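Notes follow once the structure below has been shown.
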Amino acid sequence: MTFDVKVRERILKPVDEVFDAVVDPARMANYFISGASGPIEEGAHVTWEFADVGAKVAIDVVTVKKNSKIIYESSALGQLLRTTIEFEADGPSATVVTVTDASFELDEDGVKLALGQNAGWTYTLCALKAYLQFGVNLRTGLNRRLTDVS
């Protein structure tokens, strides 16, 4: 038996601005990564760098539908995960972003991985909101000790 992790946040910015902040590595560096080998584009193989915690993550971008959906796959956690990021306009000046990671085994290891992903995506969406709405980078000062999940 498997299960998915789903995290959602409402951001007070138009959908095109939120979408652009997720696909553009220069903008992503203000809330998520420290660098990337390229933008999120359909069919791309992208490596994200997290210099503050000493990590690199490779993703394979499967689908990009402008202002609507991004799907990518990664084995960074040791198993293949498919991440879907959906963007839904909530009026002219707000966007609901939903991130779904699929799928995790319903056992001790799977639950541990899922809890880490849930925490990570919650933090990332809050950081995206802080960046877009207030110009604040919440990753400033982050270090590996704070991100380890035991």
Side-chain angles (χ1 to χ4, degrees), residues 1-50 52-53 55-107 109-140 142 147 149:
M1 178 181 268
T2 62
F3 66 100
D4 299 341
V5 166
K6 186 178 280 193
V7 178
R8 178 177 300 157
E9 183 61 64
R10 184 171 186 260
I11 299 171
L12 298 179
K13 290 292 179 179
V15 69
D16 59 331
E17 187 174 341
V18 177
F19 184 86
D20 183 60
V22 174
V23 298
D24 178 2
R27 296 196 69 200
M28 291 170 72
N30 291 293
Y31 69 91
F32 183 48
I33 59 173
S34 54
S37 62
I40 294 177
E41 298 174 334
E42 196 162 309
H45 177 79
V46 178
T47 301
W48 288 332
E49 184 175 354
F50 300 87
D52 47 5
V53 297
K56 289 186 179 182
V57 172
I59 67 165
D60 292 306
V61 183
V62 176
T63 302
V64 176
K65 293 183 180 177
K66 186 165 177 59
N67 298 338
S68 175
K69 183 184 290 190
I70 297 166
I71 301 172
Y72 69 84
E73 294 179 336
S74 178
S75 296
L77 295 177
Q79 70 177 60
L80 183 66
L81 284 180
R82 179 172 275 226
T83 300
T84 302
I85 306 171
E86 296 175 286
F87 305 82
E88 182 180 349
D90 189 16
S93 59
T95 304
V96 175
V97 181
T98 304
V99 179
T100 305
D101 271 345
S103 60
F104 299 88
E105 291 296 322
L106 190 54
D107 59 22
D109 289 339
V111 170
K112 181 179 176 181
L113 287 174
L115 287 172
Q117 287 301 100
N118 185 72
W121 281 117
T122 298
Y123 182 85
T124 299
L125 290 182
C126 288
L128 174 61
K129 181 177 185 138
Y131 164 63
L132 288 177
Q133 289 185 204
F134 307 107
V136 175
N137 185 338
L138 295 181
R139 286 191 71 85
T140 302
L142 189 66
T147 60
V149 177

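It should be emphasised that the depicted structure is a prediction, and the values quoted were computed from it without experimental measurement. Residues: numbered from 1 along the sequence shown.
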Q: Start with the C-alpha distance between Ile11 and Leu128, add both sets of side-chain angles, then the distance that settles side chain to side chain contact (heavy atoms under 4.5 Å, CB included), and finish with yes or no.
A: CA-CA 8 Å; Ile11 299 171; Leu128 174 61; 3.6 Å; yes

[X]: salt bridge (Lys or Arg N to Asp or Glu O under 4.0 Å) partners, not counting sequence neighbours:
{"X": "Glu49", "result": "none"}
{"X": "Arg8", "result": "none"}
{"X": "Lys13", "result": "none"}
{"X": "Asp20", "result": "Arg27"}

**Q.** Residue pairs passing the salt bridge (charged side-chain N to carboxylate O under 4.0 Å, His left out) test where at least one lies in residues 115-129, sequence neighbours excluded
**A.** Glu9-Lys129

By side chain to side chain donor-acceptor pair (under 3.5 Å), which residues pair with [X], not counting sequence neighbours?
{"X": "Asp60", "result": "His45"}
{"X": "Asp101", "result": "Thr83, Gln117, Trp121"}
{"X": "Glu41", "result": "none"}
{"X": "Asp90", "result": "Arg10"}

Q: Starting from the C-alpha separation in whole Å, work towards a yes-or-no answer on side chain to side chain contact (heavy atoms under 4.5 Å, CB included) for Leu81 and Glu73.
A: CA-CA 6 Å; Leu81 284 180; Glu73 294 179 336; over 6 Å; no

Q: Mind checking side-chain contact (heavy atoms from CB on, under 4.5 Å) for Ser68 and listing every partner two or more places apart, or none if nothing turns up?
A: Lys65

Q | Qualifying residues under side-chain contact (heavy atoms from CB on, under 4.5 Å), relative to Ala76, sequence neighbours excluded | A | Val57, Ser74

Taking all non-hydrogen atoms of both residues, which atom of [X] and which atom of [Y] are closest, and how far apart?
{"X": "Gly38", "Y": "Val46", "answer": "O-CG1, 3.5 Å"}
{"X": "Asn137", "Y": "Ala29", "answer": "ND2-O, 3.5 Å"}
{"X": "Ala26", "Y": "Asn30", "answer": "O-ND2, 3.3 Å"}
{"X": "Val23", "Y": "Pro25", "answer": "O-CD, 3.4 Å"}

Q. Going through the distances and angles, do Tyr31 and Leu138 end up as a side chain to side chain contact (heavy atoms under 4.5 Å, CB included)?
A. CA-CA 6 Å; Tyr31 69 91; Leu138 295 181; over 6 Å; no

Do [X] and [Y] make a side-chain contact, defined as non-hydrogen atoms from C-beta onward lying under 4.5 Å apart?
{"X": "Thr98", "Y": "Ile85", "value": "no"}
{"X": "Gln79", "Y": "Phe104", "value": "yes"}
{"X": "Ile70", "Y": "Thr84", "value": "no"}
{"X": "Glu42", "Y": "Thr63", "value": "yes"}
{"X": "Asp24", "Y": "Pro39", "value": "no"}

How long is the span from the [atom1] atom in [X] to the [atom2] atom in [Y], to the nearest 0.5 Å?
{"X": "Ile59", "Y": "Ser75", "atom1": "CD1", "atom2": "OG", "result": "12.0 Å"}
{"X": "Lys56", "Y": "Thr47", "atom1": "NZ", "atom2": "OG1", "result": "7.5 Å"}
{"X": "Asp16", "Y": "Thr95", "atom1": "CG", "atom2": "OG1", "result": "8.0 Å"}
{"X": "Ile40", "Y": "Ile71", "atom1": "CD1", "atom2": "CD1", "result": "12.5 Å"}
{"X": "Glu88", "Y": "Lys69", "atom1": "CD", "atom2": "NZ", "result": "11.5 Å"}
{"X": "Leu77", "Y": "Asp109", "atom1": "CG", "atom2": "CG", "result": "11.5 Å"}

Q: Verify the ring-centre separation between Phe32 and Tyr131: is it less than 6.0 angstrom?
A: no

Q | Criterion side chain to side chain contact (heavy atoms under 4.5 Å, CB included) on Thr100 and Val5, from CA distance to verdict | A | CA-CA 5 Å; Thr100 305; Val5 166; over 6 Å; no

**Q.** ring-ring contact (aromatic ring centres under 6.0 Å, His included) contacts touching residues 58-93 (sequence neighbours left out)
**A.** Phe19-Phe87, Trp48-Tyr72

